[in-house]
Asks: 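Quick one: structure below, then a few questions.
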Amino acid sequence: MDSGLSPQDKKDLDKFIKFFALKTVQVIVQARLGEKICTRSSSSPTGSDWFNLAIKDIPEVTHEAKRALAGQLPGIGRSMCVEISLKTSEGDSMELETWCLEMNEKCDKDIKVSYTVYNRLSVLLKSLLAITRVTPAYKLSRKQGHDYVILYRIYFGEVQLSGLGEGFQTVRVGVVGTPVGTVTLSCAYRTNLAFMSNRQFERSAPIMGIIVDHFVDPPYSSHRPDGGAFVGVQDSQEVFFRYEFNLPVSPSSGDDDSLSHSGDGRRDEGRRSASPSDPVEALNAFTRKIGAFVNKPSTQVNHTSSLDLPFAAFAPRGLDSEENDPMVQPPDSPPCPSPLQASLHSQGSEGSGPQDDFVMVDFRPAFSKDDLLPMDLGTFYREFQNPPQLASLSLHISSQSMADDLDSLPEKLAVYEKNIDEFDAFVDMLQ
Amino acid sequence: MNCRSEVLEVTVEARQVEEAMLALLHTILLHRSTGKFHYKKEGTYSIGTVGTLDIDCDFIDFTFVRVSSEELDRVIRKAVSEFKDALSNSGSDGMGQISLEFYQKKKSRWPFSDECIPWEVWSIKVNVVNLANEQERQICREKVGEKLGEKVINVVEVINRHEYLPKMPTQSEVDNVFDTSLKDVQPYLYKITFQITDSLGTSVSTTMRRLIKDTLAL
């Protein structure tokens, strides 16, 4: 009821509230742009600075606010809300805050519009300036750019706070009583930002490649038609190590080249298929963070022949063929050097070009003495690292014995049935 | 008329004292400053525009807003710097209090000097702690930032109660209400004083009264 309000006052009040709403939106959005705000004081009034405050008007923001208001004013049940949300570079978004400019029914009839209300609205805007730097979204907005951006949305009508998650907090910026109602400005902000920090890292693909044939037959088997090396348990070790060091397991079908070098029983883990197998492709497709001092990704990732090996760049170049590689085919040592060495050399043997000169050092286990004793730790390690498989553990023999057992079962059952009386007597004796 | 009194307490590290005090004092002054008044012939006046500036703290995870007035900033910094020096020289457990008092002048007849009647006093109690290692300092940065945020919300809450404010003065009275010495903004008349509590906490070992504006000298 504005019976006590003169038409001029009513007109002024409406104008004040309208421009207050527009300036409120400007302050909030500018506080979330990620930059420090700086405006100048001016002792000579220009007449265009509403509420005696130098607040810039960003045209798009004014346009959005006017569009949301659609000629109306915030009133009872009609609130103007500015929603601040965060959007990650992967497309996830999350509401951070909702600023609400509301009007309630409590009227202050005696207040002077053109003077007290105006000044109090000015103080309220100053409070808004201060509070916008205090809520958690401010710090987030100052750091926006690479991983996420801050967005705003202006709407008019019912306040919607459901997007702020559980446990959101509210801070009241202030109130100004007017003859037509009390203007209230408040902010509801999300406190549960844990979602964001988890999601941020979930979205980037796992660094470890998933080896799909972890529990399947190893690539090399003693019964391959081309007489490849018998590896057995070594293979499961191999698979394990490969998984651990993030090596892709390429299907054996493409590996005829490499097998030709391993005719004498040495495990040859060195050469892998030149054609990209599924795991390699999948790995390359993953987004990976590029570490410091690493060469540009294009030189590494796009090598179809390059393997996703850790420290691959450090492997020396120029080891074109494995035949000359003393580490892969040592003159007198037992079957295979450690998987790490082999994997490192496989990179080199592909002929792809890491640029570093990293010198490969002989394998010396920690704490071992010099090679004076007949059997030092290093030799021991090499010799016993890949022991041959126990006969009873080989699949073939065990399956054979299993098959034999199954075959002989009916015979045995027949014999037992014949002698059932004997068995019964034996059992009675025991009881 | 009663003077409104508000107390804020903060616990900070020695190097954070300056910025914490600046943050709070400037936040209060932001709300208690207007643009310069320009009186017109008919007794009405127009008000200048106040600009604002975001200030990032170096030792605290905090950003505060102050009025765009280098003159005012200089005055406040000087007072805070004196407070900080007094606090560190006291050598005691590092407790002190800085007060920002808004007052009105009431002219008295000669030979009595003008009365200063405070209408709002903000007291900021400071407790300085020493931290042992970098990790604690990092935590302190964030914690003090959060605390200052809470204090700013307190300040805003008090101010938005819209309790007593001096009446807008006529041109002849303006210097009794506002500090008109600055070129670009016009805060209410204020003074900043501080006290350092000695280690026993019993008496005030140093009390300094400073008048920022020297118009009371007769």
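First the proteins, then the strands, lettered A, B, ... as listed; each starts at 1. Excluded from the calculations below are hydrogen atoms, water molecules and symmetry mates; all remaining heavy atoms, backbone and side chain alike, are included.
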Asks: Chain A heavy atoms under 4.5 Å from B:His38: which part of the residue, side chain, backbone, both or neither?
Replies: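 Answer is side chain: those atoms of B:His38 sit under 4.5 Å from chain A.
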Asks: Over all heavy atoms of both residues, which pair between B:Lys36 and A:Ser43 is shortest? Give the atoms and the distance, please.
Replies: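 The pair with the smallest heavy-atom distance is CG-CB, 3.8 Å.
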Asks: In residues 15-29 of chain B, which residues are in contact with chain A at a heavy-atom separation under 4.5 Å?
Replies: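 At a heavy-atom separation under 4.5 Å, chain A is reached by B:Thr27.
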Asks: If you check every heavy atom in residues 148-158 of chain B against those of chain A, which residues fall under 4.5 Å?
Replies: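 Hits under 4.5 Å: B:Gly149, B:Val152, B:Ile153, B:Val156.
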Asks: What distance separates A:Ile55 CD1 from B:Thr49 OG1, expressed to the nearest 0.5 Å?
Replies: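 If I round to the nearest 0.5 Å, the distance is 10.5 Å.
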Asks: Please set out all donor-acceptor pairs under 3.5 angstrom arising from side-chain atoms of residues 126-136 of chain B, sequence neighbours excluded.
Replies:
residue: B:Asn133; atom: OD1; partner: B:Gln135; partner atom: N; Å: 3.0
residue: B:Asn133; atom: OD1; partner: B:Glu136; partner atom: N; Å: 2.8
residue: B:Glu134; atom: OE1; partner: B:Arg137; partner atom: NH1; Å: 3.1

Asks: What part of A:Arg40 is in contact with chain B, defined as an atom under 4.5 angstrom from a non-hydrogen atom: side chain, backbone, both or neither?
Replies: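 Backbone only.
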Asks: Work out which heavy atom in A:Ser41 is nearest to a heavy atom in B:Gly51; give both atom names and the distance.
Replies: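 Heavy atoms of A:Ser41 and B:Gly51 come nearest at OG-N, 3.0 Å.
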Asks: Could you pull out all residues at least two apart from A:Arg133 that satisfy side-chain hydrogen bond (donor to acceptor under 3.5 Å, both in side chains)?
Replies: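 Counting only residues at least two positions away or on another chain, A:Arg133 forms a side-chain hydrogen bond (donor to acceptor under 3.5 Å, both in side chains) with B:Asp54.
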Asks: Measure distances from A:Phe51 to the heavy atoms of chain B and classify the residue's part below 4.5 Å as side chain, backbone, both or neither.
Replies: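 Contact with chain B is absent: no heavy atom of A:Phe51 under 4.5 Å.
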Asks: Could you pull out the closest heavy-atom pair between A:Val175 and B:His162, with the gap in Å?
Replies: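 Nearest heavy atoms, A:Val175 then B:His162: O-NE2, 3.1 Å.
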Asks: Please classify the contact between B:Val50 and chain A as side chain, backbone, both or neither, with a heavy-atom cut-off of under 4.5 Å.
Replies: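 Both parts, backbone and side chain.
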